[in-house]
**Q** 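Before I ask anything, let me first share the structure, which is written out below as structure tokens.
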Amino acid sequence: MDVSELLDGLNDKQRDAVAAPLENMLILAGAGSGKTRVLVHRIAWLMQVENASPYSIFAVTFTNKAAKEMRTRVEETIKSSVGGMWIGTFHGLSHRILRAHHSEAKLPESFQIIDSDDQLRMIRRLLKALNIDDKKWPAKQVSWYIGAKKDEGLRPKDIKAYDQNEQMLLRIYTAYQEACDRAGLVDFAEILLRCFEVLNNNASLLRHYQDRFPHILVDEFQDTNTVQYAWLKLLAGKTNNVMTVGDDDQSIYGWRGAKIENIRRFLEDFSANTIRLEQNYRSTATILKAANTLIANNSERMGKNLWTEGNKGDPISIYAAFNELDEARFIVGKIKEWKNQGKNLIDTAILYRSNAQSRILEEAMLHEGIQYRIYGGMRFFERQEIKDALSYLRLVNNRQDDAAFERVINTPTRGIGNKSIGLIRECARNESLPLWYAAHSLIEQKQLTGRAANAISSFISLITHIETEIKDSVLAEQAKFAINHSGLMAMYQAEKGEKARSRIENLEELINACSQFELPDEEDFSSPLSGFLSHVALESGEGQADEHDDAVQMMTLHSAKGLEFPLVFMAGVEEGMFPSQQSHDDSERLEEERRLCYVGITRAMEKLFISHAESRRLYGQEKQHAPSRFLREIPDDCIEEVRIKTQVTRPQASNRFSNAVSTAAFEETGFKLGQRVMHKKFGEGIVLNYEGSGSQSRVQINFLDVGSKWLVTSFAKLQAI
DNA sequence: AGCCGAGCCTTTTTT
DNA sequence: AGGCTCGGCT
């Protein structure tokens, strides 16, 4: 390939970055400035101009999606496969190192990864076992504490607890870590910290990796936390070259440990030069001016001003809605106009600060028959039924896996009640044994009564049976066997309702996912099963299975980072919502909210609508909110206020019937989600929801009409239309 | 083991 | 308000 191809079509700054000499560098890349392109071309440049072997390149991202995109784009550019190159997420690459050196890391070969839900369950159990009041030390808060300490690179021994509260947290952290170690489990933060420690404590190992990877590239550098930074510094050593790409103005993850100051530290520690990418290829000049002016209110910036060769474009429209229903109606109305111009829904996004805001918007979309897709929520591999099935496989893979044991010991129910499980836990604690072996020992020592002993024995033989039967099968067959013979499938088949049906589909999809799975041959797994289990833990899958071809994209501002849309709506831009109430009195958090707003604005390519509601129902109460301060920070000449032309009708109070009906009763009626129906008294509506809430089988049916919502129980009053 | 009401909590999310 | 968990009851 002609080297000039790598520079053609790039602007001067991009070219400087791609063709920079071999030294440490910070690329301050503004929104929409083509940073992925620069990274990809830089990798190609290293290979083609600097004669770097693919084996010498190490590229780190935060998300699997970003890693995948980088991989494909590098392959497209160099027109060959990137074998030998390490491209992956912080967690993925750290995990890879841990697998290869599990004994140095003091981990069993069959170690597995637990997600935050598993972690929470483990902590809950621990609190109970240690007889700690979970009102005073809620599991959520404990897991947050442990995660935060690990992100800081701190082990219990490194922490000095100043008050009683922290002493307790520390005690739980210690116990939690012991439990994880005993079970051969690592949580997400542990992957990073443990990998750092292995390299830090093992000079020859570290040297091996330092020698292998002279070229290190890091994406979204502003999101790195303390351990990630230390890890990079370790790998870089004194001689390797690090190129970091990031944008301090888009740092929005401080609340989960990201250290924006790592950018400045990097400049100092690595004596790095800075290249600014400020030319924007995404948005109109108006949108960029609004974003620039807004973000200028933050202090301690690296400094950056986005510009474009493009047009001024339309002004940003600001709509002062009467309330959240009016806001939703306005947005849906504008989307309909867009659609009627023959444009695509997929090019539009509604962004909001918190997930709770999506419901009203969703109802309005459904009411008007506009297809939408909501991002966020449960991912495939996090679903209950999937985790149940995986837990059987995990237990087969590693008998020490207490988290998996707890999950399936009585799922489906097999007569092992809380009492027996309590005995097993107690024995495990006293003998410092994994639950599996504790159960064994209790039975051998005849410390369990007849029925319970039988039930536990048969559970033990079930797992052993599954293991022997699937030993020689391919992965998909293994999963299929476990799902069927554990009784999981039968359990969900016996359940009624829409939910159970989709669970069965998901279990089938899991088998399908197994057959699609390719074991990466360059990684060290003890078995394909072990590889698959790690894969699903590190990549939890897509949020929603059902994707419409053309649908409005709805998501939080956080999940919009990195994306772009011709038409963008930012909803709920009010004091108390955005910036959120919790950030009001803290200037650092306020600045992060402002960066979030900056991220939101810079998602828009052609047209941006911002709306705020004067009154909004929040936590069951009507709240009056002033327009967000961020609106005042956008220059007037970028804005057009949308005046209300017709009088807004106040929404009717919601009419509500209590009394729930069962799923079965609903299904007998033959009504379907989204169906239009007529109510004898209240008129036309749409069936929005008939799922029970939580584990309860109660059913809600909501109807929407002029913004009111009813819970209806009497189907006699309904008629399909 | 399943059903149901009381009570509690409520920003953002990836791995 | 709405979703979820817990504990008591059948």
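From a predicted model like this one, the values you see are computed outputs, not experimental measurements. Just so we're on the same page: letters track the sequence lines, and every chain starts at 1.
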**Q** Would a distance-only check, ignoring hydrogens and angles, find a side-chain to backbone donor-acceptor pair under 3.5 Å from His612(A) to Ala571(A)?
**A** no

**Q** Expressed in angstrom and rounded to an integer, what is the separation of Arg616(A) atom CZ from dT11(B) atom C1'?
**A** 14 Å

**Q** How long is the line joining NE2 of His625(A) and P of dT11(B), in whole Å?
**A** 13 Å

**Q** Among residues 120-129 of chain A, which ones have heavy-atom contacts with DNA chain B below 4.0 Å?
**A** none

**Q** C1' atom, dC6(C) versus dT11(B): distance in rounded Å?
**A** 25 Å

**Q** From CG of Asp133(A) over to P of dC6(C), roughly how many Å is that when rounded to an integer?
**A** 13 Å

**Q** Find the distance Trp144(A):CH2 to dT11(B):P and express it as a whole number of Å.
**A** 14 Å

**Q** Do we see a donor-acceptor contact under 3.5 Å between the side chains of Tyr253(A) and Asn225(A)?
**A** no

**Q** Give me, pair by pair, the N or O atoms of the protein and of nucleotides 8-10 of chain B that are less than 3.5 Å apart, along with how far apart they are.
**A**
none

**Q** Report each atom pair, protein N/O against N/O of nucleotides 8-10 of chain C, whose distance is under 3.5 angstrom.
**A**
none

**Q** Is the backbone of Ala105(A) close enough, under 3.5 Å, to the side chain of Arg194(A) for a donor and an acceptor to pair up by distance?
**A** yes

**Q** Determine whether the side chains of Tyr492(A) and Glu385(A) contain a donor N or O and an acceptor N or O closer than 3.5 Å.
**A** no

**Q** Atom pairs under 3.5 Å, N or O on each side, protein against nucleotides 13-15 of chain B: can you list them with distances?
**A**
residue : atom : partner   : partner atom : Å
dT13(B) : OP1  : Thr556(A) : OG1          : 2.4
dT13(B) : OP2  : Asn355(A) : ND2          : 3.2
dT13(B) : O4'  : Arg256(A) : NH1          : 3.4
dT13(B) : O2   : Arg256(A) : NH1          : 3.2
dT14(B) : OP1  : Arg379(A) : NH2          : 2.9
dT14(B) : OP2  : Arg379(A) : NH1          : 3.3
dT14(B) : OP2  : Arg379(A) : NH2          : 2.8
dT15(B) : OP1  : Asn64(A)  : N            : 2.7
dT15(B) : OP1  : Asn64(A)  : ND2          : 3.4
dT15(B) : O2   : His91(A)  : NE2          : 3.4
dT15(B) : O4   : Ser116(A) : OG           : 3.3

**Q** Considering every strand and a 4.0 Å limit on heavy-atom distances, what is the contact class for Arg589(A): base, sugar-phosphate, or nothing?
**A** base

**Q** What integer distance in Å separates Arg594(A):CZ from dT11(B):C1'?
**A** 18 Å

**Q** Checking the side chain of Arg124(A) only, and the main-chain atoms of Ala139(A) only, is there a donor and an acceptor separated by less than 3.5 Å?
**A** no

**Q** Is it true that a side-chain atom of Gln357(A) and a backbone atom of Arg353(A) form a donor plus acceptor pair closer than 3.5 Å?
**A** yes

**Q** I want to know whether Phe111(A) and His102(A) have ring centres closer than 6.0 Å.
**A** no

**Q** Examine the side chains of Tyr372(A) and Gln553(A) and answer whether a donor and an acceptor come within less than 3.5 Å of each other.
**A** no

**Q** Measure the distance from NZ on Lys623(A) to P on dT11(B) and round it to the nearest whole Å.
**A** 13 Å

**Q** If you count the non-hydrogen atoms of other residues, nucleotides and ligands that lie under 6.0 Å from CD in Glu588(A), is the total more than 12?
**A** no

**Q** Separation of Asn323(A) atom CG from dA1(C) atom C1', in whole Å?
**A** 15 Å

**Q** In whole angstrom, give the distance that lies between atom OH of Tyr352(A) and atom P of dT11(B).
**A** 16 Å

**Q** Could you give all pairs that pass the salt bridge (Lys or Arg N to Asp or Glu O under 4.0 Å) test and reach residues 569-587 of chain A, with sequence neighbours left out?
**A** Glu574(A)-Arg616(A), Glu575(A)-Arg629(A)

**Q** Of all residues at least two apart in sequence or in a different chain, which pass the ring pair (Phe, Tyr, Trp, His ring centres under 6.0 Å) check with Phe90(A)?
**A** Phe62(A), Trp231(A)

**Q** Would you kindly say whether Glu327(A) and Asn323(A) are connected by a side-chain donor-acceptor distance under 3.5 Å?
**A** no

**Q** Any chance the side chains of Thr224(A) and Asn262(A) put a donor and an acceptor closer than 3.5 Å?
**A** yes

**Q** Taking the inter-plane angle between the rings of Tyr145(A) and Tyr173(A) on a 0 to 90° scale, is it parallel (under 30°), tilted (30 to 60°) or perpendicular (over 60°)?
**A** perpendicular

**Q** Mind checking if Asn225(A) touches a base, just sugar-phosphate, or nothing, with heavy atoms under 4.0 Å?
**A** nothing

